[in-house]
Structures are given as C-alpha cells and as structure tokens.
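These notes are about the structure you will find just below.
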Amino acid sequence: MTSKPHFEVSRRSLLAGAAAGAVMLGADPKAWATQVGDPWSQARAIVNRLSQPVSFPSRTFSVTDYGATRCSLVSSSQIWNLVPGATSTSAPVWVQGTSRLSNPTVFQTSTQAPGSYDNYGAFTAAIKACNAAGGGTVVVPSGNWYIAGPITLLSNVNFHLNSGAVIWFDPNPANYAKYGPYNFGSNGNLVQSRWQGNDCYNFSPLIYAFGQNNIALTADDNTAVLNGQGGTPYGGSTFQCWWTWKGNAGTAGFVSGQPSEGTANALNPALVSTYIPSTAPVTVNLIEYGTSTAGTSTSYTKDPSYLQNQSEAYYPLSLRIYGIGHQVPPNMVQFHSCTNVLMLNYQITNTPCWQHNPVNCRNVVIRGVYANSVGPNNDGFDPDACSYVLIDNVTFNTGDDCIAIKAGKANDTGYGPTQNIVIQNCTMNSGHGGVTIGSEMSGGVQNVFVQNLNMLNVNYASNPLNIALRFKTNMNRGGFIRNYYARNIKLPNGINLTPGYYTPLAGSPIPKNTVSTNQGGIITFDCDYSPASDNVRIRPPVITNINISNVTASPVPGTSTSCYQAIIVQGPVATDYNGLTSAPAMSPVSGVTISNCNFGTPVNTATPYYLYNIQNSSLSNVIIAGQTYTKSISA
C-alpha cells in the first residue's frame, strides 16, 4: 500500500446534484409533464446528481504487492471470431484461426500461455486489503494478466487498470462456480444473479459486486482491456466456448444436440403448482406448453425457458439453481444491488453474454468505455431495475443491442422500474438496436432522456445497425414505457435496408410477412415481439408519452435509401392473450410525438411508415422521401 494519490473524485457535486435531482418524477405521464415543465431540466438534474458519483481515499494497492504476476501470450488457431462474409454484402460468418481477420481491435488470435500464473488470489487479496483499510484504488499495471475466476469488488474500492493493462479471463465456466458464497453441491459455489430479467443463483459474472457502496471499475484509457475470451475453447475442447452455448447452428462451432441454451436439459424437472396463487391466470400446463392441457414437448426444460418458467410459476429464488450442468452464461460485468457505481475509460471485449448489466443499482455512471464485443447476446449496456443512470460518451460495437434498458421479466418485478436514465454523447458503430427499451421490462421503464448520439452503422455492408430507437415488448413481458425523450440523433450511414418480418400467432389480425419489426425501421415500436417464444401471454404492455425530435438519417453508402421504413408502430395484439381469466384492458400506443426529423428515403416508399393500434399521436415537420408530414396519426 502507498499513500500517493492515484484516483480521487469529490462527492460535492453528487451531494449538490442530489438536491436538484430530488424532484419526484411522478408516474402519471400527463401529471409528470405538467409538474416538470421543461422535461429536459430533469435530464440536467440527473446529470448534475451523477457528476461525481464516487470518492476514494488517496491510497493505492498495487496487485503486484500481493503476488500478481504477468503472463505471456501464445497464438491459437482455435479461437472463434465473427468475420465479414466472402463478399461485401454477405452475412458475417464464424471462423477459427486467422482467416480474414482484418481488424485487430475486434478479433482475438492469442490467449494466455499454458501454465500462466492465476492472479485470482492476488487480485482478491488486494481488493480485500483496500476495503479493510477504508478504501482506495487497486492498481493493475500495464501488461498481460491471467485470472481463472471472477473479480469481485467490495465497498470503497476502485479497481483501476493502467494504460496497456490487459486482463485475460479464463474461458472455463467451472472457474466461475468455484468462489461464490452459496454452495449448491454439483452445481458449484454460485452467486445471486439476474439473467435476462430473471433472478437465480448462477455462475459469477466475470466482474461482480453484490450489495456494495461506492465502487468503481476504471482505466487510464481504452488500451486497458478486459477480455472475457468468449470465443476461446475451454477444458481441452477444440471448439466448445461460451459463445457455443448460444445454440444457434453455425455459431462458434455449435452442432445440433450439444448442450446449449436452445437444447432441452434433463436436469430441469417438470414444474409443480405449489407456489402458484389460486388467483393467478396460469397453470403449470400453460407455463410448460402454452395451453390448458398437458403436452409432450420438452422445450420448456431449455435453461433460459426453464428459468423464466420458474418465475411464471412463482418459484422462490432458493429453487432457481443453475451453474454447472446448465448453459446460462454469465454477463461480463454485473453490479447487483449496489449504490454509487462508476465505470470509466476501459475497453471490454469477447464477453460471454451481455457486456454490462447493473441490477437494482442506484446512482450509476458509465463514461468513456469502449464496449467492443460482437459475440451472441453481447449487448453493450443493459441497466435492469436501476434508478439514476448516466451513460455518457460510450462507444459501442456490439453483437446485439448497444443499449437495452431492462426491468425484470415475468413475475421478477420486485426491484421496481428502471427510471431516471440519461443517455448522451455516445457512438454506436454497429449493433441490433441503437437504444432499445426491453424486451425484459415487466417492471416498467420511465423517465428516459436520450440526446446527441451518432449511430454510425460502420458495418453497413455486412453487419448493419438494424434499428435506431426501439421499443420492444409483448404480452408476456408487459410493463410500461412512459416519459421518454430523445433528440439530436444522427445516422450518417442509415440503417439496415432489408426488412425483417415477424411471425404473428395464429388468429392474429396481422398477416404474416407484412410487418418489419425485427429490422429496417429507424423508429420501431414492437408490442408483439417474438410472440411464439413465450407460452404465457397475460400482461398487456402500455406505452405512452414518447417524444422524439431531430433525428436525421442519410443514405447507406452506395445507395439512395436510408432504411426500409422510417417508422413502424406495432401496438398490442389483443388476440395474443391466453390467460385463464378474462383479458385485461389493452391500451394502444399513445402520446407519441415525432417532430423535426428527416428520415431520408426508405426502400418501401409505398408505405413509408406502418401503424397498428396507436392513438393520440402526431408527426410534426417530419420529412420522409422528400415529403413533409404534419398530422395526427392513429390506426
């Protein structure tokens, strides 16, 4: 330990901003709008509140003082990478080795040398010593460092990487079921987590904290890298890696029938009705098979489905045990039930699942981070059930949504809504959605402010940005979205020009292959997201008070078009409801105002925008294909 100051920030701005941000942001949209006057004043209050979210004593703890040792690297021909297709318009493909690896900032060709020193003990000892001393900064010097286990932060600790420091996390899942505080026998020693909106015990996230206060993960700059090695085979396998678990044919070597998220798991037994309240509009049969009668399919035992089904059946957390034997890959960074959190300046890559996922946290800032991971489900930043979050000057290059705001799934809504979020000054190089709400949002999302974004769509030829602003829910997720404001968003290279039609359920009034909610719409409201994926459909979503202005889209290079359609609104579909009691009210999407936008020319000029089940909404000075629209919209 040294007393030389290394990282220190003041709490004065946090405390001053708290008073400004303490205005109660009411739930009712009309009352809220009247109360706050200029809604962007609330965004400024949130930014002020979070201007200095953490503070640490001027003590440093170098990991080398606790035995940390650098590693050397070796080339590997077995690491999986997603590379551009054979032609400029081909879909990207998964390859092993160095074939067509043209961008060293994305692709991984090396890993730690055999026999590298495991720094789990040294990193953990430094963090514990820092915490015990009353706080400070744990420093990882430049160089390569191997760790076969998670980094678990404690209160008043800033875990800081110097320029050029690269941490290589071992890719073997078993190493993230060794150190958790909950011993579940053959499942391993696990941590309390949330996975895609549902609570469980699972593998530890690679960087984790639970119930801590005043914590930070920081770096000097983006040359400091956290490498999850999601595409690196483990355990002697020549192909099996975290990304293989996704279970998509051709993804990182997956072959049908192998254990994966998409494969039935015999370790998951039939559900019981013990915990289902008598008043609930569901039965075990509905949860497992989507009907009131029993079926024979074992699809409900797939790990992601089974976890969601446990929530639908009101299973307590104590029975939701995953880890070893299950294919539920942990998120890379998950801070759970923490207060005053900062993530700053590092680069993150090759993550097993979502890159960042704060859960039930308050006062969260991510700034200057390069979220650079293009594997399956590699969302960039997904806050879930969090209050007061600032996402500022972050660059995204992702294998899924750049930002996706979550709020629990099914009955896991006890942490409440996600609220009071500011997203600003960010760059989206690629991804499925630029800024997405959902789909896991059963607890609701409110008071979201989005401004000054550049959605560059740099991989337009082979892996384009699918949607700029996306609202994604369905009759299973339900929840609400309200008090959303977005302005000053530029799309200099357009978005995906190819439609991605969704498949409605049988009996739906929506004809098949007619609504492109999956891709191609600059602004897309999708209240019928992938309806066949959920057996239980009992929660109608409510979307209201959405305000979007100053979105500008230019053509995709080499074309004259900027999107497939400018605006897509797929409101709730009442026929999807399958509960065992009468359906609740179905609210149309309402209170949407889109103004002062130029969406360029869509491919589908015959139907430049699509509307279903929307009311009390309007376009004002909206230009599409050279035509200006100022009108009320409803359908």
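Every heavy atom of this structure was used, including side-chain atoms; hydrogens, water molecules and symmetry mates were not.
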Before you tell me yes or no, could you show the steps for N285 and S292 under side chain to side chain contact (heavy atoms under 4.5 Å, CB included), namely the whole-Å CA-CA distance, both residues' side-chain angles and the distance that decides it to 0.1 Å? CA-CA 5 Å; N285 285 339; S292 59; 5.7 Å; no
Please step through salt bridge (Lys or Arg N to Asp or Glu O under 4.0 Å) for the pair D412 and R320, ending with a clear verdict. CA-CA 12 Å; D412 290 344; R320 305 184 197 181; 2.6 Å; yes
Begin with the C-alpha distance, continue with both residues' side-chain angles, and end with the deciding distance and a verdict on side chain to side chain donor-acceptor pair (under 3.5 Å) for N397 and S430. CA-CA 5 Å; N397 189 48; S430 64; 2.8 Å; yes
Residues F599, V622; criterion side chain to side chain contact (heavy atoms under 4.5 Å, CB included); working and verdict: CA-CA 8 Å; F599 294 120; V622 171; 3.5 Å; yes
Criterion side chain to side chain contact (heavy atoms under 4.5 Å, CB included) on Y564 and L497, from CA distance to verdict: CA-CA 5 Å; Y564 176 72; L497 302 179; 5.8 Å; no
Would T283 and I276 count as a side chain to side chain contact (heavy atoms under 4.5 Å, CB included) if you check the C-alpha gap in whole Å, the side-chain angles of each, and the deciding distance to 0.1 Å? CA-CA 8 Å; T283 62; I276 301 176; 5.8 Å; no
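Judged by distance alone, the side chains of N466 and N496 do bring a donor and an acceptor atom under 3.5 Å apart. The closest side-chain donor-acceptor pair between T263 and S260 falls under 3.5 angstrom. Side-chain atoms of Q446 and N545 include no donor-acceptor pair closer than 3.5 Å. Side chains of N483 and Q42: a donor-acceptor N/O pair is absent below 3.5 angstrom, by distance only. Side-chain polar atoms of T398 and N378 form no donor-acceptor pair below 3.5 angstrom. A side-chain N or O of N474 and one of D534 form a donor-acceptor pair less than 3.5 Å apart. With hydrogens and angles left out, the side-chain atoms of N268 and D303 include a donor and acceptor closer than 3.5 Å. For the 3.5 Å distance criterion, the side chains of S193 and Q334 qualify, holding a donor opposite an acceptor. Side-chain contact of T524 with T517: a donor-acceptor pair under 3.5 Å is absent, judged by distance alone. Side-chain atoms of D526 and Y502 include no donor-acceptor pair closer than 3.5 Å. Residues Q419 and S387 bring a donor and an acceptor atom of their side chains to less than 3.5 Å of each other. One side chain, N360 or S337, offers a donor N or O that lies under 3.5 Å from an acceptor on the other.
For the pair L469/M455, a side-chain contact is recorded, criterion being any heavy-atom separation below 4.5 Å from C-beta on. With contacts defined as side-chain heavy-atom distances shorter than 4.5 Å, the pair V592/V569 does not qualify. Between M475 and P540 there is a side-chain heavy-atom pair separated by less than 4.5 Å. Counting only heavy atoms from C-beta outward, the side chains of L271 and E312 never approach each other to under 4.5 Å. Using a 4.5 Å heavy-atom threshold, the side chains of Y612 and D528 count as separate. T575 has its side chain within reach of P509: a pair of non-hydrogen atoms, C-beta onward, lies under 4.5 Å apart. The closest side-chain heavy-atom distance from V589 to I546 is not below 4.5 Å. Taking the side chain as every heavy atom from C-beta outward, L619 and I567 approach each other to under 4.5 Å.
Here the side chain of Q519 pairs a donor or acceptor atom with the backbone of T498 at under 3.5 angstrom. In this structure a side-chain-to-backbone donor-acceptor pair under 3.5 Å is missing from N454 to L456. Under a 3.5 Å cut-off, the side chain of N202 and the backbone N or O of G323 do form a donor-acceptor pair. Not a single donor-acceptor pair under 3.5 Å links the side chain of Y306 to the backbone N or O of A264. Looking only at distances, a side-chain donor or acceptor of R539 sits under 3.5 Å from a matching main-chain atom of N476. Counting only distance, with no hydrogens or angles, the side chain of N457 and the backbone of L465 share a donor-acceptor pair below 3.5 Å. Not one N or O on the side chain of Y415 forms a donor-acceptor pair closer than 3.5 Å with the backbone of A407. No side-chain donor-acceptor contact under 3.5 Å links N377 to the backbone of D400. For the pair S590 (side chain) and T544 (backbone), a donor-acceptor distance under 3.5 Å is absent. N309 places no side-chain N or O within 3.5 Å of a backbone atom of E288 that could act as its donor or acceptor partner.
Ring geometry for F381 against H356 counts as tilted: the plane angle lies between 30° and 60°, on a 0 to 90° scale. Between W245 and F203, the ring-plane angle classifies as tilted under the 30° and 60° cut-offs.
Here the shortest heavy-atom pairing between G494 and V556 reads CA-CG2, 4.1 Å. Closest non-hydrogen pair, Y315 versus V272, comes out as OH-N, 2.9 Å. In terms of heavy atoms, P608 sits closest to I624 at CB-CG2, 3.6 Å. Across G290 and N578, no two heavy atoms sit closer than the pair O-ND2, 3.7 Å. For G433 against D401, the heavy-atom pair with the smallest separation is N-OD1, 2.9 Å. Of all heavy-atom pairs between I548 and C597, the closest is O-SG, 4.3 Å.
Rounded to the nearest 0.5 angstrom, N420 CG and N447 CG are separated by 5.0 Å. Within the model, atoms SG of C402 and NE2 of H432 stand 9.5 Å from one another, a figure rounded to the nearest 0.5 Å. Atom CE of residue M332 and atom SG of residue C353 lie 12.0 Å apart, to the nearest 0.5 angstrom. To the nearest 0.5 angstrom, Q310 atom CD is 7.0 Å from L319 atom CG. To the nearest 0.5 Å, the span separating OG1 on T351 from CH2 on W242 amounts to 11.0 Å. Taken to the nearest 0.5 Å, the CG atom of N550 stands 6.5 Å off from the OG atom of S595.
Taking the centre of each ring, Y289 and Y300 come in below the 6.0 Å mark. For Y201 and H326, the ring centers sit 6.0 Å or farther from each other. Separation of the Y609 and Y629 ring centroids falls under the 6.0 Å cut-off.
Considering R477, K406, K472, Q196 in turn, R477 is the only one that fulfils the side-chain hydrogen bond (donor to acceptor under 3.5 Å, both in side chains) rule with S439.
By the ring-ring contact (aromatic ring centres under 6.0 Å, His included) test, W195 pairs with no residue at all, sequence neighbours left out.
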